[in-house]
Amino acid sequence: MRLATLADRAVLLVGDGAVDIATASHGRFGSDPMQLLAEWDEFVAWAGQAELPAATPYRETDLNAPVPRPRQVFAVALNYRPHAAEAGHVAPEIPLLFTKFPSCITGPHAEVELPDGNVDWELEMVAVIGRACHRVPAAGAWEVVAGLTVGQDLSERRLQLTGKPAQFSLGKSYPGFGPTGPALVTPDELADRDDLAIECLLNGESVQAARTSEMIFSVPRLIEFISAVCPLHPGDLIFTGTPSGVGNRRVPQRFLGPEDILVSRIEGLGELRQTFRSDPEALRPASA
């Protein structure tokens with residue numbers, strides 16, 4: 001199934017239309033997607049046998065983030081060998097983790113204000129946790145995944161790389177720097193949940209292309225590693241890393257500017273489409 005948020009209400013995307021979940025369930029489930037994730041097993045059971053009403057047409061630009069208020073947002077650095085190489089690093093032996101602060105999460109068709117600095121793209125597949133869990137072995141990790149979605153780990157490189165250690169989390173958490181969507185897609189919808197084509201286009205030019213099977217650490221291994229330390233909660237997001245082709249490693253470097261159009265797509269999951277504009281009130285952090 002494909003769970004989305006349409007005009008701030010949880011819906012199922014069916015064909016070319018949407019079904020409002022609160023209405024279809026006669027109030028058994030509400031309109032808040034976070035509450036659905038908190039009742040994930042019950043919701044999946046209902047959705048599997050429910051007689052849904054006819055889906056109604058919708059505008060893709062009205063879709064919001066499918067998981068609008070995650071409690072925790074984990075992100076993985078250098079999880080594709082070519083990206084590690086272009087960044088001048090050897091491939092890591094264990095996952096390298098940072099966070100994107102939840103206030104950066106936005107929907108699949110957001111217009112993003114550009115802060116002062118060099119804003120870069122990083123297309124990523126995002127895993128959504130569907131069950132509260134802790135210390136999950138990799139062999140059972142898919143069981144705690146509600147679904148997958150498309151994400152962009154937008155990054156302002158000047159702030160990100162300021163200081164020792166660097167400001168990874170802060171430089172990646174400006175408003176709108178975590179586009180996600182268009183829907184949460186359950187793994188059973190995918191021919192191979194571990195091997196999906198992934199591509200990012202800037203103004204129509206392909207700048208990143210890979211397959212998720214090329215990740216150094218798979219979704220199950222990431223969940224095992226993270227949950228060994230942190231209890232995971234329904235709706236938590238894991239940005240699983242970006243392939244090569246980011247702007248700050250190009251020669252010459254290339255960054256996002258006003259009116260640029262960034263399209264991020266993953267096989268079976270759909271696509272994001274971001275446009276950008278200058279923020280005339282943007283100020284650089286005083287210490288950066």
Side-chain angles (χ1 to χ4, degrees), residues 1-6 8-14 18-22 24-25 28-50 52 63-76 100 102 105-108 124-151 178-194 196 212 215 218-227 230-241 266-270 272:
M1 90 183 131
R2 296 172 183 268
L3 176 66
T5 306
L6 179 63
D8 296 320
R9 293 181 64 86
V11 298
L12 288 173
L13 300 185
V14 181
V19 174
D20 186 87
I21 291 168
S25 68
R28 166 63 182 86
F29 299 99
S31 61
D32 184 356
M34 302 308 299
Q35 187 59 39
L36 292 182
L37 285 159
E39 302 178 84
W40 187 246
D41 288 334
E42 294 86 349
F43 173 66
V44 170
W46 170 82
Q49 54 79 42
L52 299 176
L63 291 172
N64 312 115
V67 184
R69 302 183 308 280
R71 184 168 172 176
Q72 301 182 103
V73 182
F74 301 93
V76 184
K100 291 175 76 71
I105 298 300
T106 191
E124 310 203 6
M125 185 176 74
V126 178
V128 182
I129 299 300
R131 296 179 176 91
C133 58
H134 191 201
R135 298 170 182 162
V136 181
W142 276 113
E143 297 302 315
V144 305
V145 175
L148 302 171
T149 194
V150 187
T180 54
L184 180 162
V185 180
T186 52
D188 62 287
E189 292 273 336
L190 305 169
D192 187 343
R193 62 195 179 187
D194 295 298
L196 304 175
T212 59
M215 292 194 300
S218 65
V219 169
R221 291 185 66 190
L222 292 174
I223 291 173
E224 179 180 60
F225 183 80
I226 296 168
S227 71
C230 299
L232 300 178
H233 307 279
D236 284 354
L237 303 181
I238 302 174
F239 282 69
T240 59
I266 299 179
E267 177 185 5
L269 304 183
L272 313 177

Q: State, to 0.1 Å, how close A127 and V219 come at their nearest heavy-atom pair, and which atoms those are.
A: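 So the two residues come closest at CB-CG1, 4.2 Å.
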Q: How close do G151 and F239 get, heavy atom to heavy atom, and via which atoms?
A: CA-CE2, 4.1 Å
Q: Taking the side chain as C-beta and beyond, is there a heavy-atom pair between L36 and W46 under 4.5 Å?
A: no
Q: Is there a side-chain contact between T240 and T212 in this structure, where contact means two heavy atoms from C-beta onward sitting under 4.5 Å apart?
A: no
Q: What pairs with E224 under side chain to side chain donor-acceptor pair (under 3.5 Å), at least two apart in sequence or on another chain?
A: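 For E224, no residue satisfies side chain to side chain donor-acceptor pair (under 3.5 Å) once neighbours in sequence are set aside.
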Q: Which heavy-atom pair separates P70 from G235 by the least distance, and what is that distance?
A: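 Taking P70 first and G235 second, the nearest heavy atoms are CB-O, 3.3 Å.
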Q: Taking all heavy atoms of L37 and all of I129, pick out the closest pair and write down the distance.
A: CD2-O, 4.2 Å
Q: If we only count heavy atoms from C-beta on, is the V185 to L190 side-chain gap below 4.5 Å?
A: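 Heavy-atom side-chain distance check passes, below 4.5 Å.
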Q: Filter on side chain to side chain donor-acceptor pair (under 3.5 Å), then keep only pairs touching residues 179-190, sequence neighbours left out; what's left?
A: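 Counting only pairs at least two positions apart or across chains, the side chain to side chain donor-acceptor pair (under 3.5 Å) contacts touching residues 179-190 are T186-D188.
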Q: Search all heavy atoms of S31 against all heavy atoms of A22 and return the closest pair with its distance.
A: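 Scanning both residues completely, I find the closest heavy atoms to be N-CB, 4.0 Å.
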Q: How many angstroms lie between atom CZ of R135 and atom OG of S227, to the nearest 0.5 angstrom?
A: 9.5 Å
Q: Show the numbers, then the answer: is there a side-chain contact (heavy atoms from CB on, under 4.5 Å) between M34 and V67?
A: CA-CA 7 Å; M34 302 308 299; V67 184; 3.7 Å; yes
Q: Do the side chain of T106 and the main chain of P179 share a donor and acceptor less than 3.5 angstrom apart?
A: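 No.
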Q: Once salt bridge (Lys or Arg N to Asp or Glu O under 4.0 Å) is applied, do any residues pair with E39, and if so which ones, sequence neighbours excluded?
A: R28
Q: Rounded to the nearest 0.5 Å, how far apart are CD1 of I238 and CZ of F225?
A: 11.5 Å
Q: Within the distance-only criterion (no hydrogens, no angle test), does the side chain of R9 pair as donor or acceptor with the backbone N or O of D20 below 3.5 angstrom?
A: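 No; judged by distance alone, with no hydrogens or angles, the pair does not exist.
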Q: Going through the checks in order, is the side-chain contact (heavy atoms from CB on, under 4.5 Å) test met by I223 and L232?
A: CA-CA 9 Å; I223 291 173; L232 300 178; 4.2 Å; yes
Q: What's the verdict on side-chain contact (heavy atoms from CB on, under 4.5 Å) for L13 and L6, showing C-alpha distance, side-chain angles and the deciding distance?
A: CA-CA 10 Å; L13 300 185; L6 179 63; 5.9 Å; no
Q: Ignoring hydrogens, what is the shortest heavy-atom contact between A4 and P66? Give both atom names and the distance.
A: CA-CB, 4.5 Å
Q: To the nearest 0.5 Å, how far apart are CD1 in I21 and CZ in F43?
A: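 So the CD1 of I21 and the CZ of F43 are separated by 3.5 Å.
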Q: A side-chain contact here means heavy atoms from C-beta on lying under 4.5 Å apart; do V76 and E124 qualify?
A: no
Q: Can you tell me which residue among L269, V128, L148 is in a side chain to side chain contact (heavy atoms under 4.5 Å, CB included) with L184?
A: V128
Q: For the NE2 atom of H233 and the CD atom of Q72, what is their distance to the nearest 0.5 Å?
A: 4.5 Å
Q: Please determine whether side-chain contact (heavy atoms from CB on, under 4.5 Å) holds for the pair T5 and L63, giving the CA-CA distance in whole Å, both sets of side-chain angles, and the decisive distance to 0.1 Å.
A: CA-CA 6 Å; T5 306; L63 291 172; over 6 Å; no
Q: Measure the spacing between CZ of R2 and CG of L12 and express it to the nearest 0.5 Å.
A: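 Interatomic distance, R2 CZ to L12 CG, rounded to 0.5 Å: 11.5 Å.
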